[in-house]
S.K.: 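Quick one: the structure is below, questions incoming.
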Amino acid sequence: MNRKHFFEIFVIAFKESAWAPLSVVGVYALGLTFHLFDKFPPLDIPTHFMGGVAITYFYRSVIRNSQRMVGDIPLLIQVILAFTCTGVTTILWEFYEYGFDRFFGFHMMRGLQDTITDLAMGLLGALVLSLFYRHRSKPV
Amino acid sequence: MDWVLLTLFEAAWAPIVILQFYFVARGMRLFGYLPSLDRPTHLIGGIAIAYFFGVAIHHSQKLTGKIPAPIQSLLAFTCAGTTMIFWEFYENISDYMLHARTVRGLEDTISDLFFGLAGALVLSLFYRKR
């Protein structure tokens, strides 16, 4: 398996499903720009929930397409891997927010309870997608 | 379900040892006297739980069918990372419900997650089940 093949698989997955997390990141960027999260703090909750749904959808696509590179992956493992990848991504997102607050003086984090709620909402979104999403066509 | 028993016999000792240490240290208030003890505990906890998941995933192939080796390593890492989130939930809930005072603020939680993930990453990169 060469680097070109890896790149091709990533491009296929990107075309197929990157719209989902990019849309949520777009909404998040708009929210930050217009200070919507300060004006409506509860908006944070559905944003993190939808972020969990979107990134899990993206991971499912990447994992499904990666089978051309690594070999067959049992469906149950694909579902669990996408869910847990989202878990790690929600942690990395909190690191990103913490880093910006600490090193650039932003105010993205609003305390421990907010962080715990963000993690819970992200995981809940991932769980909902994992339970209800089924891809119908074969890998590209 | 023999893969579950095989996993428990082979690998449960690792997270159990860390959990025992954690509860003994909490009982003796060691984390209060030596706050810096928290970081290595979470680092080794990350290693232990990733090891446990690595062994479990390896044995689960009897149930699921063959899982490619890179996917096994990645899954052990991500399962360990997700477990750390649940651990933080547990600490927060026990603080809220039982006033256990296990969490020492946002910075402590971020540090816990960072060192736990680092431990899981080290194990996932360097451990190969034979």
Side-chain angles (χ1 to χ4, degrees), chain A residues 1 6 48 52 55-56 59 62-64 66-103 107-127 130, chain B residues 3 42 46 49-50 53-54 56-96 101-121 124:
Chain A
M1 187 51 51
F6 176 82
H48 278 274
I55 197 73
T56 309
Y59 281 130
V62 171
I63 293 164
R64 187 174 57 253
S66 74
Q67 292 178 100
R68 300 177 82 193
M69 189 168 78
V70 297
D72 286 346
I73 305 168
L75 181 61
L76 178 65
I77 298 298
Q78 290 186 42
V79 173
I80 295 171
L81 181 59
F83 175 77
T84 56
C85 278
T86 301
V88 171
T89 305
T90 60
I91 296 177
L92 296 178
W93 185 264
E94 295 306 318
F95 288 171
Y96 148 77
E97 288 191 338
Y98 178 79
F100 266 70
D101 285 4
R102 172 139 189 171
F103 299 112
H107 298 285
M108 292 179 173
M109 297 182 119
R110 287 189 296 275
L112 180 61
Q113 287 313 311
D114 179 63
T115 299
I116 295 296
T117 307
D118 290 353
L119 291 168
M121 286 300 115
L123 274 190
L124 188 64
L127 183 65
S130 301
Chain B
W3 70 274
H42 278 275
I49 198 73
F53 278 119
I57 292 160
H58 178 80
H59 288 311
S60 76
Q61 292 179 102
K62 290 177 180 174
L63 178 78
T64 63
K66 192 174 179 343
I67 304 168
I71 297 297
Q72 289 188 42
S73 296
L74 179 63
L75 186 57
F77 170 69
T78 58
C79 281
T82 306
T83 304
M84 282 157 218
I85 298 179
F86 286 110
W87 182 260
E88 294 304 323
F89 289 167
Y90 151 74
E91 287 195 334
N92 271 272
I93 290 168
S94 66
D95 278 14
Y96 184 74
R101 298 173 69 184
T102 50
V103 181
R104 289 190 299 275
L106 176 61
E107 199 135 333
D108 178 62
T109 298
I110 294 291
S111 164
D112 290 353
L113 291 168
F114 179 81
F115 283 96
L117 266 193
L121 183 64
S124 303

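Values reported hereafter were calculated over all heavy atoms of this structure, with side chains retained and with hydrogens, waters and symmetry mates removed. Computed from a prediction, not measured in an experiment: that's the story for all the values here. Throughout, a chain's letter reflects where its sequence line sits, starting with A, and its residues are numbered from 1.
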S.K.: Between atom CG of A/Leu112 and atom CZ of B/Arg104, what is the distance when rounded to the nearest 0.5 Å?
M.R.: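 These two atoms lie 12.0 Å from each other.
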S.K.: Compare every heavy atom of B/Pro68 with every heavy atom of A/Gly71, then report the nearest pair and how far apart it is.
M.R.: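 Residues A/Gly71 and B/Pro68, closest heavy atoms: O-CG, 4.1 Å.
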S.K.: Kindly give the heavy-atom pair with the smallest separation between B/Pro70 and A/Val70, and that separation in Å.
M.R.: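 For B/Pro70 versus A/Val70, the nearest heavy atoms are CG-CG1, 4.5 Å.
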S.K.: Do the non-hydrogen side-chain atoms of B/Phe89 and A/Leu123 ever get within less than 4.5 Å of each other?
M.R.: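 The answer is yes; the side chains approach within 4.5 Å.
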S.K.: I need the minimum non-hydrogen distance between A/Phe95 and B/Leu113, along with the two atoms involved.
M.R.: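 Looks like CZ-C, 3.8 Å.
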S.K.: For B/Thr64, is it the side chain, the backbone, both, or neither that has a heavy atom closer than 4.5 Å to a heavy atom of chain A?
M.R.: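 B/Thr64 touches chain A through backbone and side-chain heavy atoms alike.
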S.K.: Could you pull out the closest heavy-atom pair between B/Gly65 and A/Pro74, with the gap in Å?
M.R.: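 For B/Gly65 versus A/Pro74, the nearest heavy atoms are O-CG, 4.1 Å.
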S.K.: Got B/Glu88 and A/Ile116 here, is their nearest side-chain heavy-atom distance under 4.5 Å?
M.R.: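 Of all side-chain heavy-atom pairs linking A/Ile116 with B/Glu88, at least one is under 4.5 Å.
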S.K.: Report yes if some heavy atom in the side chain of A/Thr84 is under 4.5 Å from a heavy atom in the side chain of B/Phe77; otherwise report no.
M.R.: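 No, every pair of side-chain atoms sits at 4.5 Å or beyond.
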S.K.: With a 4.5 angstrom heavy-atom cut-off, which part of A/Thr90 approaches chain B: side chain, backbone, both or neither?
M.R.: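 Looking at A/Thr90, just its side chain touches chain B.
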S.K.: Report which part of A/Ala120 has an atom under 4.5 Å of a heavy atom belonging to chain B: side chain, backbone, both, or neither.
M.R.: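 Both parts, backbone and side chain.
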S.K.: For B/Thr78 and A/Leu81, indicate whether the former's side chain and the latter's backbone hold a donor-acceptor pair under 3.5 Å.
M.R.: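 No.
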S.K.: At what distance, to the nearest 0.5 angstrom, does CD1 of B/Ile110 lie from CG of A/Asp101?
M.R.: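 Between B/Ile110 CD1 and A/Asp101 CG, I get 9.5 Å after rounding to 0.5 Å.
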S.K.: Tell me, for B/Phe114 versus chain A, whether the close heavy atoms (under 4.5 Å) come from the side chain, the backbone, both or neither.
M.R.: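 Interface part for B/Phe114: both.
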S.K.: Return the SG to CG distance between A/Cys85 and B/Leu75, rounded to the nearest 0.5 Å.
M.R.: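 Between atom SG of A/Cys85 and atom CG of B/Leu75 there are 8.0 Å.
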S.K.: Are the side chains of A/Gln113 and B/Asn92 in contact, using a 4.5 Å heavy-atom criterion?
M.R.: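 A side-chain contact exists here, since the closest heavy-atom pair is under 4.5 Å.
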S.K.: Given a strict heavy-atom distance threshold of 4.5 Å, which part of A/Leu92 is in contact with chain B: side chain, backbone, both, or neither?
M.R.: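 Looking at A/Leu92, just its side chain touches chain B.
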S.K.: Side chain, backbone, both or neither: which part of A/Asp72 has a heavy atom under 4.5 Å from chain B?
M.R.: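 For A/Asp72, the backbone is the part near chain B, not the side chain.
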S.K.: State, with a plain yes or no, whether a side-chain heavy atom of A/Met109 is found less than 4.5 Å away from one of B/Leu106.
M.R.: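 They are in contact (side-chain heavy atoms under 4.5 Å apart), so the answer is yes.
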S.K.: What distance separates A/Leu119 CG from B/Met84 CE, expressed to the nearest 0.5 Å?
M.R.: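 Rounded to the nearest 0.5 Å, the CG-CE separation comes out at 12.5 Å.
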